[in-house]
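For reference, the structure discussed in these notes is given below.
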Amino acid sequence: MTEYLSINKVALLLDISTATIKRWYLWWDNTNFEKPEGLYLPHYYYMDRRKTKFFKEQDIPHLKKFHEDINGKYKGAMSEFNAVYSWGKPGKKILGDRYKKIQKKVRG
């Protein structure tokens, strides 16, 4: 029988916050942001009416690898999402300014 772990238990095992895992999935499920090829995030399950995310026990190594990869070889992959999600209007303005600077450099 497959054992399921709540997002709280997974966060404890990975030594991160539940908010971090939720942010990973907000980014992953959002089609407006590009995901690097080779990065994998396993599916979660709802098993109660409170919409608590649960993960299969065998998915824990995949979540651990995602955590390592997003802080290692794919560092910065979530930067645009984090700017919009975490920083709100200032983040959108910073991103807008960054794109304007890049466009000026490209145009010459």
Margin query: Would a single hydrophobic cluster contain both L12 and I21, if residues Ile, Leu, Val, Met, Phe, Trp and Tyr are joined by side-chain heavy-atom contacts under 4.5 Å?
Written below: no
Margin query: Would you say that F54 contacts V10 through its side chain, given a criterion of any heavy-atom pair below 4.5 Å between the two side chains?
Written below: no
Next item on the list: Take K64 and L14 through the test side chain to side chain contact (heavy atoms under 4.5 Å, CB included) and record every step on the way to the result.
Entry: CA-CA 6 Å; K64 186 175 182 175; L14 298 178; 3.7 Å; yes
Next item on the list: Would you mind reporting whether K56 and H43 have side-chain heavy atoms less than 4.5 Å apart?
Entry: no
Note to self: If I compare all heavy atoms of K65 with all of K73, which pair ends up nearest, and what's the gap?
What the structure shows: NZ-NZ, 4.3 Å
Next item on the list: Would you check if the distance from the ring center of F33 to the ring center of F81 is below 6.0 Å?
Entry: yes
Check: In terms of ring plane angle, is the pair Y25 and F55 parallel, tilted or perpendicular, where the classes change at 30° and 60°?
Finding: tilted
Checklist line | For the student: nearest non-hydrogen atoms of A11 and S17, plus distance | finding: CB-C, 3.9 Å
Checklist line | Q58 CD: over 12 foreign heavy atoms closer than 6.0 Å | finding: yes
Note to self: Between D48 (side chain only) and K51 (backbone N and O only), is there a donor and an acceptor less than 3.5 Å apart?
What the structure shows: yes
Check: If two hydrophobic side chains count as joined below 4.5 Å and joins carry through other members, does I60 share a cluster with Y40?
Finding: no
Margin query: For W27, does the six-membered ring have the charged nitrogen or CZ of K35 within the cation-pi criterion, i.e. under 6.0 angstrom from the centroid and within 45° of the normal?
Written below: yes
Check: Do Y46 and I7 share a hydrophobic cluster (ILVMFWY, side-chain heavy atoms under 4.5 Å, transitive)?
Finding: yes
Notebook entry, point to check: Is the backbone of E37 close enough, under 3.5 Å, to the side chain of Y74 for a donor and an acceptor to pair up by distance?
Noted result: yes
Next item on the list: Tell me whether L13 is reachable from L63 by hopping between hydrophobic residues (I, L, V, M, F, W, Y) whose side-chain heavy atoms are closer than 4.5 Å.
Entry: yes
Note to self: Working note: Y4 + E57, criterion side chain to side chain contact (heavy atoms under 4.5 Å, CB included); need CA distance, chi angles, decisive distance, verdict.
What the structure shows: CA-CA 6 Å; Y4 292 87; E57 189 174 28; over 6 Å; no
Item checked: Cluster check L5, F66: I/L/V/M/F/W/Y, side chain < 4.5 angstrom -> yes
Next item on the list: Of all the heavy-atom pairs spanning H67 and N71, show the shortest one and how long it is.
Entry: O-ND2, 2.9 Å
Notebook entry, point to check: Under 4.5 Å between any side-chain heavy atoms of Y44 and D29, yes or no?
Noted result: yes
